[in-house]
There are 2 protein chains.
Amino acid sequence: MENKTLRNEVNLLHAQICQGLADPKRILLLYYLADGPRRVTDLAGALELPQPTVSHHLRVLRERGLVRSERRGTEVYYTLIDPRVVQALDLLRAVLADLLARQADLVDRAISRGEQGV
Amino acid sequence: MENKTLRNEVNLLHAQICQGLADPKRILLLYYLADGPRRVTDLAGALELPQPTVSHHLRVLRERGLVRSERRGTEVYYTLIDPRVVQALDLLRAVLADLLARQADLVDRAISRGEQGV
DNA sequence: TCAACATATCGAGATATTTATATATTCGCA
DNA sequence: TGCGAATATATAAATATCTCGATATGTTGA
């Protein structure tokens, strides 16, 4: 009863974490960070994106508690806080792989039946 | 030097699957569907949302390949296609739980030190 | 203190998402 | 055929997000 608001609040936070993963660039960022802490400039170079854009995405991840930033001199290192985030990404990528395999199979069968307009 | 365009395409689909999870109502829908197929009206009742809103969210999930719909007479049953989607949600919820626990701990320590303006 | 560098924030335009009401479609049945 | 129930789509307003150039902040070293 009284927990309904609390449960909604938790669900909202849950969704916000998922939202953190809901961008191709951020997924790449998280996979880079899975290998260890990285500087903003290096990440921007790896993703071939302007530095402000990368900083924006890192902020999204930081605000959702997925990464942490640490200043070392003039540079800032970002670190993945919880490896389970990447585990979850891997799970979902496996789901996607199966999905694509099923679709490819459908196409194959259609072609072998000589159907048009696939 | 593999196909960069293909990799970007896969990353985009990966992100779109994550996007499917990035809404509190859709998370609830997926958890309901984890228990078995459900009709639209039942889901709308459970979520206390108008039926068109639920249909919209179900469409989002369907277009991303997370659920499948099946007509039985005048009703439509929605089914979770891959249980790993809920596994991923559980992982991320565990991440969130740790996050909240750490924050609560910080607050506790601050209070026990008698700090102001927390 | 100043110059150079790394990063963050601001602001704006383009695009996407969420929600709900109104309306359309689809099916079973009288 | 036509009615009622279940679901889907259209539409529109409010809101959020992505991107990037311009600019601000913070740090080091001369």
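Here is how names work: the chains are called A, B, and so on, in the same order as the sequence lines, proteins then strands, and each is numbered from 1.
Within 4.0 Å (heavy atoms only), Tyr77(B) reaches no atom of the nucleic acid at all. Contacts of Gln51(A) with the nucleic acid, taken as non-hydrogen atoms under 4.0 Å apart, include base atoms. Across all strands shown, Arg26(B) has heavy atoms under 4.0 Å from sugar-phosphate atoms exclusively, and none from any base.
Whole-Å rounding puts the Arg39(B) CZ to dA5(D) C1' distance at 11 Å. As rounded to whole Å, 14 Å separates atom C1' of dT18(C) from atom CD of Gln16(A). Distance CZ (Arg71(B)) to P (dA5(D)): 16 Å, rounded to an integer number of Å. In this structure, CZ of Arg72(A) is placed 15 Å from C1' of dT7(C), rounded to the nearest angstrom. Straight-line distance from the CG atom of Asp23(A) to the P atom of dA16(C): 13 Å, rounded to whole Å. Atom CG in Leu21(B) sits about 15 Å away from atom C1' in dT17(C), given to the nearest Å. Distance CZ (Arg38(B)) to P (dA6(D)): 17 Å, rounded to an integer number of Å. Rounded to an integer number of Å, the gap from Leu49(B) CG to dT21(C) C1' is 14 Å.
Using a distance-only test at 3.5 Å, with no hydrogens or angles considered, a donor-acceptor pair links the side chain of Arg26(A) to the main chain of Gly20(A). Between the Arg64(B) side chain and the Gln16(B) main chain, a donor and an acceptor come within less than 3.5 Å of each other. Side chain of Arg71(A) to main chain of Gly73(A): a donor-acceptor pair is present (N/O by atom type, distance under 3.5 Å, no hydrogens or angles). No donor-acceptor pair under 3.5 Å is formed between the side chain of His57(B) and the backbone N or O of Asp23(B).
Put simply, Tyr78(B) has a side-chain N or O that comes within less than 4.0 Å of OP1 or OP2 on dA8(D).
For the residue pair Gln51(B) / Ser55(B), a side-chain donor-acceptor distance below 3.5 Å is found, with atom types taken as modelled.
Among the nucleotides dT7(D), dT17(C), dA6(C), the one closest to the side chain of Val40(B) is dT7(D).
A cation-pi arrangement is absent between Arg38(B) and Tyr32(B) under the rule of less than 6.0 angstrom and at most 45 degrees off the ring axis.
Non-hydrogen atoms lying under 4.0 Å from DNA chain D are contributed by Pro52(B), Ser55(B), Arg59(B), all within residues 52-67 of chain B.
Closest of all the heavy-atom pairs between Ile27(A) and Asn11(B) is CD1-O, 4.3 Å.
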